[in-house]
Every structure is written in structure tokens, then in C-alpha cells.
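No hydrogens, no waters, no symmetry mates; every other heavy atom, side chains included, goes into these values. Just follow the structure's listing: the first ligand is 1, and inside any ligand the first atom is 1.
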Amino acid sequence: MSTRFPHLLSPLQIGSVTLRNRIVSTGHDTVLPVDCQVSPALIAYHQARARGGVGLIVLQVSGVHESALYTSHALMATDDGCIAGYRALATAVQAEGARVFAQLFHPGSEIMETADGMQAVAYSASRCASERFHVVARALTKAEIAEIVAGYAAAARRIRTAGIDGVEIVASHGYLPAQFLNPRLNQRSDGYGGDAAARLRFLREVVAAIRAEVDADCVVGLRISAGECDAEGLEEGEALAACIAMQAELDYVSLVAGTSASLGGAVHIAPPMAYPAAYLAEQARRFRRQLVIPLLLAGRINQPQEAEQLLADGVVDACGMTRALICDPELPNKVVLDQADVIRACIGCNQACIGRFHRGLPISCIQNPVSGRELQFGTLTPAARPRRVMVVGGGPAGMKAAVIAAQRGHQVTLYEAGNQLGGQVLLAQQLPGRAEFGGLLTNLQYELQQAGVQVVLGQMVDRALVLQQEAEVLILATGARPAPPRLEISGGMQILDGWALLRGTRPGSRVVVADWRADWVGPGLAIRLAQSGHQVTLAVNATHMGQALQMYVRDQLAAQLHRLQVTIIPYARLYGVDEDTVYLQHTASEEAMLCEGIDTLVLCQPLQPVDGLRQQLDGLALEIHAIGDCLAPRTAEEAIYEATRLAWRL
Ligand code: SF4
């Protein structure tokens, strides 16, 4: 048992429930429910985290009323048919020593989408127009309020009947209870709006109705934003006042930040890597001073060291480490065994966890493709016949394939032509706010060491070497490189590839970044250039900047670009340059768009696969697989997924 994390590993009492440690998987969407019910995949997902040693799992939101269905992938606790699913989940999680709560949820105006694609009829404290989803919500009548309050109570009864340890009322992120609390949204004059006590009435009735419906041992908690980070949002003082007023009726408060209602506020729902670790600590400290019940905090707490410090400082009583657990479900067990150094640390990229949710796809992790696919992958088993495996290319795809093949007992050698492992990640981590992306390499390097992979740097692989090594399996993971630009060029304008810029080539003072990829590279380069005093235009061949990005990552970049006064031109196809002009074409109208007075054009254009070795190997009697960018240039997520899928069955 580790002695480095005494606070994190100490038990915590919340109401009648004792947690074995202070590590919490907080409520998050998974897209694993089927027909709004608990599914075998959802049970397997949470069971993996319970087996990994987590203290508490808070399930994703459960709708309490038919008007609460904010996506077609939510859980609904609106009839007794849900009880069997919750029971199976509770049994599986509790059998592994973890405790489990369920979130009770009504989004109010924050309806994201409907199952049939029709625009929803949404409800709120008062009539309002929600900015992010462009929903105009109706004001609830008193009868409808009573129906929804009864819905909270009935949902709590069903969930408790199923054996779940507690319920958590979601008043965070601008959802319905927060819409009642917020004086800028709540304009009612019927006893549910007005002064703070009246605005609290809805929440007070919800808590009372739940308490009346469940047994005394059922934990009842509240999730709330310590400030919604939006001009119209609930403010910290208002949220704190509500917690103080309600704490006698509650067993704990779970603190987050932000709101679903605006793009800037929503970034805090899953803050990207540009936010510092544990960035809500000061807000939590102010809540801690005023509350006597246990306080949970989430928000970029990715490492046990950060969590231990928060607990040791008395800032909070437990830490939400949700993405850290998506990335490495074994994190708590590794902490217990004093193996914190081999934790696969979450890098806050948002790409495969919440990024997949926003595309309606089941949760996963860019670094751990088994997350959310527990049933598909099953248990990693030793290879039926260990073989000599050559992996060519030391980027994420090659590293991950080598790790898993070696874990299965194969004799694996990884060859990298350069003098450093990492591939394109080595460059990507140099972009502003992307340093943590390099954590992906740190994690993979630990995994390579642990798995006993032999790594050979500075070695080009050719047919002769393959023959000499008597490889039985060859995995090609040789990546991609920038393709030569297809451009009409006249005059002597400086033209640079984005990677060349990161390698140190100096641009002129007025720069166009031509961004075909619409991912984080173009905006990252534009930010870096603008921060060093260049006048920058970002010309994006997409409907908007960051079209390929998870929306919180995109919007955090959008805010930075705006503050730095970077000019953004969407719908922009690059077709030529002369001495001082970059020629663009509007991708919808086909009309010309000119950027004049330019010194340097920076290219973020399509990549091309590096796959020359494959042709050299024709006729050799060995098994050959291509994965990642050398198959087709995409992202690290596809590279690591393909590596995992291949090596798992090799
Ligand atoms: S996809 Fe990225 S942010 Fe999400 S859990 Fe994995 S590493 Fe963390």
C-alpha cells in the first residue's frame, strides 16, 4: 500500500455510504445506453473502473421527465422498466468494491437533439432563447413544475429500488434547477422567482420530494457550477448561497464550472488541455470555507499528485478524475500499489471521450481504445504462438502496436528512422497550449519499457534488414509527411510548411496560414505567430475554424484567436500566390478572395502516406500490416485504435 497518497487513499463517509478512497468518476455521457436504458456495454464500462479501484462512480444523467430527454443517448428513469438495468449495473459495480450514485436530470432549455431529429419543445423557469442550441424554451406552468418535481422523486425511488447508493441532483451547467436559481433567467412572479428564497423554491421542493420518497440511508447530493463563466450565467456567489441554504438537506456538493448555454461557458464542461491542472481549486476553497458537508471537485484533476495536494490542503474531500479514469481505469489500483509513474495520464485532448459523444458515438479514449469497447476487446490474452514482430515507425501507431504485441508475448523490435520516438506528436506538442499532447509519448514510452520492447533508433528499415531479422510479422507504421502543394506560384513569396515553422524557420511579418485540415494545427500556428507579433490571417478550407475539432477545443481556440485579432476567412480554398498576394477561392461561390500585402504563406495542407517500404517487400513470405497514417493520414486516435485492434489479435 502506497504511503505517498495518504489523503487520496483514505476512506470518505458521505451520508450513510463509505467510499474506499477519494477518487471519483463523476457523471459523464457515454452514448452506451440502448433505448435510454442501461446496456451490457455501459455495465462493462463502469465495471472496468470499479475493478480498477475507483471509490465512487456517479452515473451519467438520468432523465426524470419525458421533457428531460436532451439527447437520444441519455438514460431515462421515467418508468419502472428501468429498474432492472440499474440493478444489474449497481450489482456489478458494488461487487468490485466501489459505490455508485445516479444523477437526476432535467435540462430545461438545454435540449441538444432529439431521437427523431425534430426540434424539441423545451421548458425553462421563464421563456428564454438558449444561445448554444438555438432553442426557444417555454415557461413552465405551476402544474408542469409539480409534475417535474414528482418526476425527480419517482426517478429517485426507482433508482434506489435498484440498489444504487445515492442520487445527485444536477443543478450544474445551466440546467433546469440552475435556470430557476439564476435571476437573469428566472423572471417568474408566482413564488418560484423573485428573491433568492423564491428562486431556490424549485430546488428545495425537488430535494424534499426525493427525501420523502427514498429511505433515510439514500445519499442525496447536489452538483452545481461554481460560476457558469458566462455573462448571463449563474454567478459564484449565487451558487454558493444556494449550497449554504440547502446543505442541511444534502449529503454532499459536487462542484464544477461553466454552463451548457453558451459556447464560452460550455468549454468548462470538459476543459481542454489549455486549462491548468486543478484550475478550480480557488473557487472550491471558497465553497469549502462555507460548507460543512463533503465537497467534491472536478476540473482537470488528471494526476494523483494533484488530487493528493488538493486533499492535503483541505480544499476538497474527494476529487473527480473522470477523464483520467477513462484513459486509465486502473489508476486507483496503481496509486495503491505505488505505481503512479506508470499511470497512463489523460492529456485533456477531448478527442475520443466527449468528442465522440458530440458525434453521437460511444465513448472511448485516444490513448486507450478499449475504453467504451470493453465487450468488443475483452481480456488481453497471451498469443497462441509467440512470433518475431518488426514494427517500423516510432509514432503513436507503432509504439502502441509494439506495446500490445509484446504484452501478448511476441518478441517485438520497434525501428524508428529518426533519433527520437514520437513522430508528428513531437511537433504537435510545440503548438501553444498543446504541450500536454506530449504526455501521450511519455505514457507510451513507459508502456514500451514495461512491455520489454526492444527499440532501435536511427535505423531505416529496408528489405535486406527485414530478411536479416527473420521477421515473421511486419507492422508498417511509417506515418505521413506534408504533400507538395498544388499551387499556382509566381513571384518569390516565402512558402513554408507548418512543420517547418515549428522546426524554427522564420516567417515574414504578414502571414497567411492556409488551413485545409481545419484541426488544431492551423489555429495553433496562427496563435503562435500572433503571439510573437506577426499579423496573421487564417484561411480555412471549411465552413468554420476547427471544423474537425471537438467543440470545446475549437471554442477555446476561437476565443484565443479573437483576442489576438487573427483574421479568419472560412470557405477558403488556396489556389495560388504571387510576390505579395495569396489567392483564395470561396468554396461555395467559387469567387476569388485575395489576401494582399503578405510576406509568408504557411501551409497546413493534406498529408501523404510514407509507404515506400511496402513495395520493397513484394514476394516476401511474412505477414504484413499497415496501420495509422501510412495507411491513410488521419489523427492519433485512428492510429492508436488500429494499432490496438491489430496487436490484440496478432
Ligand atoms: S480522449 Fe483525450 S481527454 Fe479524453 S480521456 Fe482520452 S486522453 Fe483524456
Do the charged groups of Arg22 and Glu308 touch, with an N to O distance under 4.0 Å?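 The answer is no: the pair does not qualify as a salt bridge.
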After noting the C-alpha distance and the side-chain angles of Val54 and Leu325, does the key distance pass the side-chain contact (heavy atoms from CB on, under 4.5 Å) rule? CA-CA 8 Å; Val54 71; Leu325 290 158; 3.7 Å; yes
May I ask you to decide if Glu330's main-chain N or O and Asp328's side chain share a donor-acceptor pair within less than 3.5 Å?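 Yes: the side chain of Asp328 pairs with the backbone of Glu330.
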Supply the atom-to-atom distance Gln556 CD to Leu561 CG, rounded to the nearest 0.5 angstrom.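 If I round to the nearest 0.5 Å, the distance is 9.0 Å.
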Using 30° and 60° as the class limits, which term best fits the ring planes of His268 and Tyr279: parallel, tilted or perpendicular?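 Ring orientation, 0 to 90° scale: parallel.
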Just checking Tyr275 against Tyr552, ring centres under 6.0 Å apart?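 Not under 6.0 Å, so no.
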Restricting to under 2.8 Å, identify the protein N, O or S atoms around atom 4 (Fe) of ligand 1 as residue plus atom.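 As for protein N, O or S atoms lying under 2.8 Å from atom 4 (Fe) of ligand 1, they are Cys353 SG.
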